[in-house]
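Labels below follow one simple rule: chain letters A, B, ... track the order of the sequence lines, proteins then strands, and each chain is numbered from 1.
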Number of protein chains: 2
Amino acid sequence: MKLREFAQQLGLSPTTVSRALSGYPEVSEKTRKRVAEEAARLGYRPNINAVRLATGRAGAIGVVMGRSGEFHFSEFMGGLAERLGTEDIDILVSPMDDKDPKGEIQLYSRLAVSGRVDAVIVHSPEPNDERIALLHKLGMPFLVHGRSDIDVPHAWLDIDNEGAIRRATSHLIDLGHRRIAMINGRQGRTFSLHRDKGYRDALQARGIAFDPRLVAHGNFTDELGFRFARSFLEQTPRPTAFVAGSMMTALGIYRAARSMGLEIGREVSVIAHDDVFPYLTADNMVPSLSATRSSMRAAGARSADLVLQLLSGRPSEEVHELWPVELILRESTAPPPPERS
Amino acid sequence: MKLREFAQQLGLSPTTVSRALSGYPEVSEKTRKRVAEEAARLGYRPNINAVRLATGRAGAIGVVMGRSGEFHFSEFMGGLAERLGTEDIDILVSPMDDKDPKGEIQLYSRLAVSGRVDAVIVHSPEPNDERIALLHKLGMPFLVHGRSDIDVPHAWLDIDNEGAIRRATSHLIDLGHRRIAMINGRQGRTFSLHRDKGYRDALQARGIAFDPRLVAHGNFTDELGFRFARSFLEQTPRPTAFVAGSMMTALGIYRAARSMGLEIGREVSVIAHDDVFPYLTADNMVPSLSATRSSMRAAGARSADLVLQLLSGRPSEEVHELWPVELILRESTAPPPPERS
DNA sequence: GCGACAATTTAAAACGGTTTGGTAAAATTC
DNA sequence: GAATTTTACCAAACCGTTTTAAATTGTCGC
């Protein structure tokens with residue numbers, strides 16, 4: 001049913017009906033109520049594409065999806081979708097070819113000029129992130145999931161990576177560990193840098209020298225976790241503890257330790273960052289995994305909120321949110337074994 | 001830039017330009033070429049919402065996202081997005097509350113009448129799936145990822161679950177296993193039933209009695225894999241082999257075996273179904289995991305193709321695709337240990 | 001009972017394309 | 001070379017809303 005027919009049945013003009021449904025003030029309460037009731041009864045729904053054309057809004061927010069190692073993605077999306085489900089806003093997913101770093105900026109550019117989205121979410125930013133500069137230049141509203149040091153105002157939601165890893169590392173030091181390895185995320189991403197800093201600061205605070213041979217960077221995969229852990233554990237003296245960037249990395253570390261006959265929670269301690277997945281929980285690993293924890297799904301839901309705020313005019317300079325991270329100690333962390341000499 | 005201005009610059013009418021860009025036959029090759037070139041040069045792009053209003057197409061396909069245990073989701077989405085990226089079609093993600101089974105049908109209903117999507121993808125169907133009946137009734141094009149026995153024509157793409165599990169089970173029998181447990185997916189889903197059938201047929205073909213105490217159903221999580229495997233392994237005599245529904249399930253089984261001091265690949269064999277994840281590979285597990293394998297990402301990409309075919313008018317009765325599944329043997333499968341009496 | 005002002009409602013003009021129903025000019029047929 | 005068809009293009013109507021600008025109705029003070 002079209003607006004015109006619907007209005008005619010009510011004996012009103014399309015204008016008034018449109019306004020009544022959109023909650024404009026210049027329509028009497030009585031009329032508004034009647035319109036709302038009849039709309040429900042007759043099942044009238046405005047044509048979404050006509051609305052979008054007339055208002056100039058796209059009614060969707062864009063999310064770019066990388067190809068590799070994105071197991072966080074569905075949790076974040078889940079949170080986003082959950083929150084946006086109640087609004088009349090869709091989520092538009094664009095795929096990105098990770099192999100072509102130049103393609104990325106083009107993709108964002110296309111997304112912005114295509115007019116298919118009202119806002120964009122930027123993931124895993126770098127300190128000087130081209131995408132942020134671009135979106136700002138194009139005037140496209142966007143929310144950064146993470147942060148950037150770039151000299152361009154941007155709204156962001158981030159977790160306290162630095163604090164989380166500082167606490168995790170400090171805790172390991174408190175337990176008596178001195179050789180602590182870290183398997184971090186991709187080189188160059190802000191969150192990796194923040195984690196690096198948390199790690200180094202914790203060491204420095206206790207007068208432990210930073211050893212570059214104990215730090216690795218890469219995608220969050222089981223495979224890399226294994227390979228790095230393995231190579232670290234082959235050093236002499238070997239590290240007695242690991243700080244891991246993700247659950248998958250931790251799986252790899254567990255595997256590496258086991259393959260070398262080392263017992264986790266006794267000979268090797270591990271703390272990982274857990275984004276909270278329904279299908280793989282730190283509590284259920286053997287031994288259960290100590291973790292810094294922050295829900296990716298919750299971040300997705302909150303991101304949706306913040307984007308809505310941006311779209312309703314809140315200046316991006318105001319939208320900054322830093323979430324604290326829990327540290328949950330379980331069996332995978334313990335004092336180091338007595339030193340053999 | 002608007003069509004009108006652009007056309008004016010070219011000295012053509014909007015009609016001709018529109019047709020040239022959409023590839024209609026009644027415009028000369030020379031003109032078409034000129035229009036295309038100028039469009040690229042001047043950066044003219046039709047307003048997507050105007051196009052959608054005028055054509056009545058939504059320009060998007062809908063995907064419903066469940067809340068729990070959906071680590072396949074991002075891979076499937078990735079494939080979908082990859083293929084659809086080159087078309088002018090978006091992916092619209094709707095969240096579903098798994099806890100409310102009635103909400104699901106309402107969600108599909110809303111999605112169909114909202115006019116926001118031209119087609120829908122239905123996941124994990126049941127033999128008599130309400131969603132399929134609904135979408136058919138509403139005349140909304142849809143593709144089922146999986147299959148249903150329902151008496152309603154529907155396009156589908158599925159993998160040969162039955163054959164895959166039959167082969168996996170047969171292989172375990174060939175190795176000498178007689179007590180083979182199976183940890184399957186959610187009760188009632190078609191793919192679970194197919195896998196059940198493959199399992200039972202393999203047993204029957206070799207005269208092995210089906211033992212309901214060796215079969216479990218549930219979400220694909222590490223936790224359930226662990227719990228079921230644990231309870232099976234506590235039976236006497238205990239199973240010597242497992243068929244697992246997913247990689248996460250396999251992780252749980254590995255954990256259970258380990259927690260009971262049993263060595264995988266010697267005392268217990270495992271074959272799992274692997275949807276191919278970039279962050280967790282069967283080859284890298286210790287011992288490496290034998291698996292039936294079929295790429296979820298490829299299925300997503302192909303699903304996009306099939307949906308496009310449906311939208312261009314191919315009748316859904318014609319769109320059926322059954323993919324074979326590879327069986328890849330690795331270290332987790334071996335003959336059972338000699339029987340102790 | 002009338003002017004002033006506010007509260008409602010409306011007709012008509014966007015929004016930016018596609019598509020229908022033509023019309024000249026060029027090509028073909030006889 | 002006239003009649004017919006084909007080719008290449010165009011003007012105008014249409015898709016279904018929102019929004020601007022104007023008209024109508026209602027309320028109030030005097």
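Counting distance only, with no hydrogens placed and no angle test, the side-chain atoms of S22(B) and the base atoms of dT18(C) include no donor-acceptor pair under 3.5 Å. For a distance-only test at 3.5 Å, the side chain of T16(B) fails to qualify as a donor-acceptor partner of the base of dA8(D).
Using a 4.0 Å cut-off between a side-chain N of Lys or Arg and a carboxylate O of Asp or Glu, D129(A) and R147(A) do not qualify as a salt bridge. Here E126(A) does not pair with R131(A) in a salt bridge; the nearest charged N to carboxylate O distance is not below 4.0 Å. Ion pairing between E38(A) and R41(A) holds under the 4.0 Å rule for side-chain N and carboxylate O.
Atom-to-atom, CG of L12(A) to C1' of dT8(C) comes out at 11 Å; the value is rounded to the nearest Å. Note: CD (E29(A)) to P (dA7(C)) measures 15 Å, nearest angstrom. Here the P atom of nucleotide dT7(D) and the CZ atom of R19(B) are 14 Å apart, to the nearest Å. Between R4(A) atom CZ and dA11(C) atom C1' there is a gap of 11 Å when expressed in whole angstrom units. The separation between L3(B) atom CG and dA12(D) atom P is 16 Å, rounded to whole Å. Distance L21(B) CG to dT18(C) P: 8 Å, rounded to the nearest Å. Atom CD of E5(B) and atom P of dC15(C) are 10 Å apart (whole Å). Rounded to an integer number of Å, the gap from CD of E26(B) to P of dC9(D) is 11 Å.
In this structure, the separation between CE on M296(A) and CZ on F73(A) is 11.0 Å, given to the nearest 0.5 Å. To the nearest 0.5 Å, atom OG of residue S114(A) and atom CG of residue L107(A) are 9.5 Å apart.
Along DNA chain D, the nucleotide closest to P14(A) and the one closest to V27(B) are compared, and the more 5′ of them pairs with V27(B).
Between K2(B) and dG17(C) there is no side-chain N or O to OP1 or OP2 distance below 4.0 Å. OP1 or OP2 of dC9(D) has at least one side-chain nitrogen or oxygen of S28(B) nearer than 4.0 Å. Remark: Y24(B) is in phosphate contact with dT19(C), judged by side-chain N or O atoms under 4.0 Å from OP1 or OP2. Of the side-chain N and O atoms in S18(B), one or more sit less than 4.0 angstrom from OP1 or OP2 of dT18(C). Between S13(B) and dC10(D) there is a side-chain N or O to OP1 or OP2 distance below 4.0 Å.
Nearest nucleotide to the side chain of T15(B), out of dT9(C), dC9(D), dT20(C): dT20(C).
By the 4.5 Å heavy-atom criterion applied to side chains, H145(A) and F76(A) are counted as neighbours.
Of the residues in residues 39-56 of chain B, those lying under 4.0 Å from DNA chain D by heavy-atom distance are L53(B), A54(B).
The closest side-chain donor-acceptor pair between S13(B) and T16(B) falls under 3.5 angstrom.
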